[in-house]
Amino acid sequence: MIIKITDQPLDLQELIADVTTEANGGVVAFLGVVRRWNDGPDGQPREVHWLEYEAYKDAAEEVMRDIARQVAEKWGLTSLAMAHRVGHLEIGEPAVAVAVGAPHRGVAFDACEFAIDTLKATVPIWKKESWETGADMGQSWVVNKESLQES
Amino acid sequence: MIIKITDQPLDLQELIADVTTEANGGVVAFLGVVRRWNDGPDGQPREVHWLEYEAYKDAAEEVMRDIARQVAEKWGLTSLAMAHRVGHLEIGEPAVAVAVGAPHRGVAFDACEFAIDTLKATVPIWKKESWETGADMGQSWVVNKESLQES
Amino acid sequence: MDKVKLKFFAAFRETTGQSELDWPLAAGQTAGDVLESLVVEYPALSGGVKSALVMVNRRYATRQTALQPGDEVAFLPPVGGG
Amino acid sequence: MDKVKLKFFAAFRETTGQSELDWPLAAGQTAGDVLESLVVEYPALSGGVKSALVMVNRRYATRQTALQPGDEVAFLPPVGGG
């Protein structure tokens, strides 16, 4: 089971091979790619120059393994692989990749969506965005709307 | 937009690149891989030796383009690419690949699942399975449970 | 005489031993009419074609679809792609 | 004196200017107690840490979690991965 935080470019084929078994004919993969346009806090789109991802590496991999355990509990005979990149990323580069293999495709879709949703809410990774709007530019830590927070 | 029936090995990276745009940061892909074990008509698993896919090529590509049009109508700014292989396939080889890019990942998951479900129900492709159960062996045309039929 | 081109796939191709056939078309005939004449020639098809879908010129049609000379007509076994 | 290791990430790393710090731990102190003493030293953290999640030894914990000497403690800004 591939679970990793890495500063190297992500290799989706490696993850797919990791979850494709003789029993798992349905493979669903999610790839999150750096977009040029992202909404700012006011909801207005701003142009992204680059992103810088930072992780609490050991803890992030531990939480990702915990997501794999939750997937196994919920959906049984599935295989999951997840990788998240850290460091400097340019537009068009994949930041995160998730692959799920299952005997039936409905399960693979559900488990893959659960895994990326849970990753975005719970895995200790942070993203700094370098942006400009034309009138303004800056660098900001961008928070996921799914992010868990102490209330 | 890549839409094709091909006798060459499928290249998922090519499909993913085709749907990844500066606006589409969420990419969901489905890969259907030949499994060693498949249930026979009696529900008992049988071992698969190989598959042979046959398509009504021009019509299949037309129906696949129609699926892309339905996706665009339902989900707006999405990109879709689909490829299905024909000919002789061994265990572990991908038979079908679908990739969907969308600005938001929920849409990409929904559209990708819709596309493969609709492909399995409507695209004129047939599959002959060479199988054995230990006691018995044979070659059978295997029908999708989703397949549309005249009633 | 006017003709249509019939296409056969998978089990129907094996049953007829043909991938395609030119088939006579009388004025006003529908896809269903052609299917009936086909089953007379190839009785082994009669079971399988009951649930067959119909395509005319590579688009889904019905047994009621009226045919034109030169149309490409296919009766499709239940599909198994993916 | 007993100590814990504090880890800082993202905005908190920038605010403190530190990636990690050894921090004194009195007997019976919880993660919340340590956080209070941290904010006294780094008042600029006081706004941000209100909603911070807590990890002890790389697993999610709470402000009520009792700490042991040598524990690795992190107060996390809202995450942004994916």
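Residue numbering restarts at 1 for every chain, and letters A, B, ... go by the order of the sequence lines. All values reported here derive from a predicted model rather than from experimental measurement.
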Side-chain heavy atoms of B:K128 within contact of C:E14, under 4.5 Å: yes
Do C:V79 and B:V123 come within less than 4.5 Å of each other through their side chains, counting heavy atoms only? no
For B:V143, is it the side chain, the backbone, both, or neither that has a heavy atom closer than 4.5 Å to a heavy atom of chain C? both
Segment of B:A121 engaging chain C (4.5 angstrom heavy-atom cut-off): backbone
How long is the gap from CZ on C:F12 to CH2 on B:W141, to the nearest 0.5 Å? 11.5 Å
Heavy-atom check, side chain of B:W126 versus side chain of C:L76, under 4.5 Å: yes
Interchain contact, B:A97 with chain C, by part (heavy-atom threshold 4.5 Å): neither
Would you check if C:Y60 and B:V63 make a side-chain contact, meaning some heavy-atom pair closer than 4.5 Å? yes
Option that, when pairs with chain C are counted at under 4.5 Å, heavy atom only, ranks first among B:T122, B:V34, B:D66: B:T122
Is there a donor in the side chain of C:E72 and an acceptor in the side chain of B:Y56, or the other way round, less than 3.5 Å apart? yes
With salt bridge (Lys or Arg N to Asp or Glu O under 4.0 Å) as the test, would you mind laying out the steps for C:R13 and B:E54 before giving the verdict? CA-CA 11 Å; C:R13 177 179 51 71; B:E54 173 177 345; 2.6 Å; yes
With a 4.5 angstrom heavy-atom cut-off, is it the side chain or the backbone of B:V86 that approaches chain C, or both, or neither? neither
Heavy-atom pairs under 4.5 Å with chain B, option from C:R59, C:R58, C:M55 with the top count: C:R58
Any side-chain to backbone donor/acceptor pair from B:H84 onto C:G82? Under 3.5 Å, distance only. yes
Tell me, for C:A11 versus chain B, whether the close heavy atoms (under 4.5 Å) come from the side chain, the backbone, both or neither. both
On a heavy-atom basis, the closest approach of B:K120 and C:G81 is CG-O, 3.6 Å
